[in-house]
Amino acid sequence: GQQVMQIPQYQHVQEGEDFTTYCNSSTTLSNIQWYKQRPGGHPVFLIQLVKSGEVKKQKRLTFQFGEAKKNSSLHITATQTTDVGTYFCAGRRGNTPLVFGKGTRLSVIA
Amino acid sequence: NAGVMQNPRHLVRRRGQEARLRCSPMKGHSHVYWYRQLPEEGLKFMVYLQKENIIDESGMPKERFSAEFPKEGPSILRIQQVVRGDSAAYFCASSLSPGQGAAGANVLTFGAGSRLTVL
């Protein structure tokens, strides 16, 4: 079945450093979504990418969808303590349910 | 405009008892999904339902687990004869009808989760 892999599993950064998490799918995706889950919280939708090669920005966050629509990345510039949490990518083929990666847990040291 | 409502937020059961988790989707959403999350793990898809219809239950264990989304009332995830390995957070999410091109149709809105502890 469809698999979505995410690396790294954990990332510890100093406040102000950049952070990137990578997502790879075993199959071509219709779209990819990113969610953030704060410690003890629930996943919250961040963004959806649909087009091949698409790049979207939300303030310090930059999201990319690969040309082959099989990989994606999330880059955070100048991390802040409010960025702490686990970032999940989730991919979908057609109308199948979203398949989530295992997430990258980000810790930010002030 | 209430979001996805899940209850109970915390549930403690002894081995062999039954657990019932309820989920009311966001207003206007017709599709419900259940995901399970073990500590420090990702979200594992369990089941996808529409009113009175199971669309995809490929992630549901074959035994002891069942889900429904009746015409009236919330969606229910039922776990019979719970075992310690069932201890996890169970998240419900809802969406508009996916794949129909409406803005945000594919986006999941999650509830706060129900955390099940089996003693």
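Keep in mind that this is a model prediction, so the values were computed, not measured. Throughout, a chain's letter reflects where its sequence line sits, starting with A, and its residues are numbered from 1.
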Side-chain heavy atoms under 4.5 angstrom apart, residues restricted to Ile, Leu, Val, Met, Phe, Trp, Tyr: same cluster for [X] and [Y]?
{"X": "B/Phe45", "Y": "B/Tyr90", "value": "no"}
{"X": "B/Trp34", "Y": "B/Ile54", "value": "yes"}
{"X": "A/Val4", "Y": "A/Leu46", "value": "no"}
{"X": "B/Ile76", "Y": "B/Tyr48", "value": "no"}
{"X": "B/Met60", "Y": "A/Val99", "value": "no"}

For the atom pair CG (B/Leu38) and NZ (A/Lys102), what is the distance rounded to the nearest 0.5 Å?
9.5 Å

Atom CD in B/Glu41, atom CD in A/Gln9: separation rounded to 0.5 Å?
8.0 Å

Counting only heavy atoms not in [X], do more than 12 sit closer than 6.0 Å to its [atom1] atom?
{"X": "A/Phe45", "atom1": "CZ", "value": "yes"}
{"X": "A/Lys56", "atom1": "NZ", "value": "yes"}
{"X": "A/Arg60", "atom1": "CZ", "value": "yes"}
{"X": "A/Lys57", "atom1": "NZ", "value": "no"}
{"X": "A/Arg93", "atom1": "CZ", "value": "no"}

Would B/Leu108 and A/Tyr35 satisfy side-chain contact (heavy atoms from CB on, under 4.5 Å), going step by step from the backbone distance to the final call?
CA-CA 9 Å; B/Leu108 298 186; A/Tyr35 291 77; 3.4 Å; yes

At a heavy-atom separation under 4.5 Å, does A/Gln6 approach chain B through its side chain, its backbone, both, or neither?
neither

Under the side-chain contact (heavy atoms from CB on, under 4.5 Å) criterion, do B/Gln37 and A/Gln37 qualify, and how do the steps go?
CA-CA 12 Å; B/Gln37 186 176 41; A/Gln37 184 177 23; 3.0 Å; yes

Under 4.5 Å, heavy atom to heavy atom, which residues of residues 112-119 of chain B contact chain A?
B/Ala112, B/Arg115

For chain B, which residues from residues 13-21 of chain A have at least one heavy atom closer than 4.5 Å to it?
none

For residues A/Gly41 and B/Phe91, report the shortest heavy-atom separation together with the two atoms involved.
O-CZ, 3.7 Å

